[in-house]
Trainee: 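I'd like to ask you about the structure that follows.
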Amino acid sequence: QVQLVESGGGLVQAGDSLRLSCAASGRTFSDYVMGWFRQAPGKEREFVSAISRYGSSTDYADSVKGRFTISRDNAKNTVYLQMNSLKPEDTAVYYCAARAGTLMPTKITSYAYWGQGTQVTVSS
C-alpha cells in the first residue's frame, strides 16, 4: 500500500504560479511511477503529467506543456508539480497517483494509488 497526501493548492489569479506537493508513505517511493491528474467541475478526471521512478523521463498533457513541470525527490518521498502561467481553465481538483513498474501511462485506470486531491482555483 502507498499513501499519498497532496498539498499546495489554493486560489490564485491568472498568470500566477503554484507548486503542488505530494508526500508518499508506506512503500519504497522509487519503485513507483508518479502522476498528476486533475478533475474540473462537471468533467472527467484527466491526465496532467507523469514522471519515471528516478525522474529521468517526464510526460505532459498538451494543455500544460511548457507551463507545468513535474519533479520528484526520492530522498523526501515527494513529487512536485510546478504550475506557472496559470489560466482559469486550470481550475480543478488535482490528484497525485502512483503505479508500480516502469511504464508511464496516461490512463486513470493504470494507477493503483491515489491521494485525496487538492483544490486549485484560478481567477481571471
Trainee: For Glu6, which of Tyr94, Trp114, Tyr95 qualifies under side chain to side chain contact (heavy atoms under 4.5 Å, CB included)?
Mentor: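 Exactly one pass, corresponding to Tyr95.
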
Trainee: What heavy-atom pair brings Arg53 and Asn74 nearest, and what distance separates the two atoms?
Mentor: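 Arg53 and Asn74 have their closest heavy atoms at O-ND2, 3.0 Å.
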
Trainee: Tell me whether the count of non-hydrogen atoms from other residues, nucleotides or ligands lying under 6.0 Å of NZ in Lys107 goes above 12.
Mentor: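 No, because the 6.0 Å sphere around NZ of Lys107 holds 12 heavy atoms or fewer from other groups.
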
Trainee: Please determine whether residues Phe68 and Tyr80 belong to a single hydrophobic cluster, defined as Ile, Leu, Val, Met, Phe, Trp and Tyr linked transitively by side-chain heavy-atom distances below 4.5 Å.
Mentor: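 No, Phe68 and Tyr80 fall in different hydrophobic clusters.
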
Trainee: Hey, could you give me the CE/OG distance between Met104 and Ser57, rounded to the nearest 0.5 Å?
Mentor: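 Going from CE on Met104 over to OG on Ser57, the span is 5.5 Å.
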
Trainee: Establish whether Leu81 and Phe37 are linked, either directly or via other cluster members, by ILVMFWY side-chain heavy-atom contacts under 4.5 Å.
Mentor: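 Different clusters.
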
Trainee: Show the numbers, then the answer: is there a salt bridge (Lys or Arg N to Asp or Glu O under 4.0 Å) between Lys87 and Asp90?
Mentor: CA-CA 5 Å; Lys87 305 175 181 180; Asp90 294 319; over 6 Å; no

Trainee: Roughly how far, to the nearest 0.5 Å, is the CZ atom of Arg72 from the OH atom of Tyr32?
Mentor: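 Tyr32 atom OH to Arg72 atom CZ measures 11.0 Å (nearest 0.5 Å).
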
Trainee: Are Val33 and Leu4 connected in a single hydrophobic cluster, I mean Ile/Leu/Val/Met/Phe/Trp/Tyr linked by side-chain heavy atoms less than 4.5 Å apart?
Mentor: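 Per the 4.5 Å side-chain linkage, Leu4 and Val33 are not co-clustered.
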
Trainee: State, with a plain yes or no, whether a side-chain heavy atom of Met83 is found less than 4.5 Å away from one of Asp16.
Mentor: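 Contact flag for Met83/Asp16 side chains = no.
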
Trainee: Roughly how far, to the nearest 0.5 Å, is CD1 of Ile70 from CD of Gln82?
Mentor: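 It is 12.0 Å, given to the nearest 0.5 Å.
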
Trainee: Can you give me the closest heavy-atom contact between Ser17 and Asn84, atom names plus distance?
Mentor: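 Distance-wise, the nearest heavy atoms are OG-OD1, 2.9 Å.
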
Trainee: I need the Thr69 OG1 to Tyr60 OH distance, nearest 0.5 Å.
Mentor: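 These two atoms lie 4.5 Å from each other.
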
Trainee: Decide whether Ile108 and Val48 are clustered together by the hydrophobic rule: side chain heavy atoms of Ile, Leu, Val, Met, Phe, Trp, Tyr closer than 4.5 Å, transitively.
Mentor: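 Ile108 and Val48: separate clusters.
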
Trainee: Okay, side chain of Ser85, backbone of Gly15: is any donor-acceptor separation there less than 3.5 Å?
Mentor: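 Checking the backbone N and O of Gly15 against the side chain of Ser85, no donor-acceptor pair under 3.5 Å is found.
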
Trainee: Among the clusters formed by ILVMFWY side chains lying less than 4.5 Å apart, do Val93 and Trp36 turn up in the same one?
Mentor: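 The answer is no; the residues belong to distinct hydrophobic clusters.
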
Trainee: Atom OG1 of Thr78 and atom CZ of Phe29: how far apart are they, to the nearest 0.5 Å?
Mentor: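 Spacing of OG1 (Thr78) from CZ (Phe29) equals 6.5 Å.
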
Trainee: Count the heavy atoms belonging to other residues, nucleotides or ligands that lie under 6.0 Å from CZ of Arg45, then report whether that count exceeds 12.
Mentor: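 Yes, because the 6.0 Å sphere around CZ of Arg45 holds more than 12 heavy atoms from other groups.
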
Trainee: For the CZ atom of Phe47 and the CG atom of Asp62, what is their distance to the nearest 0.5 Å?
Mentor: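 Phe47 CZ to Asp62 CG: 10.0 Å, rounded to 0.5 Å.
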
Trainee: At their closest point, which heavy atom of Arg38 faces which heavy atom of Ser63, and how far apart are they?
Mentor: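 Looks like NH2-OG, 3.4 Å.
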
Trainee: Go through the side-chain N and O atoms of Tyr111 and Arg99 and say whether any donor and acceptor fall under 3.5 Å apart.
Mentor: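 Side-chain D/A pair, Tyr111 to Arg99: absent.
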
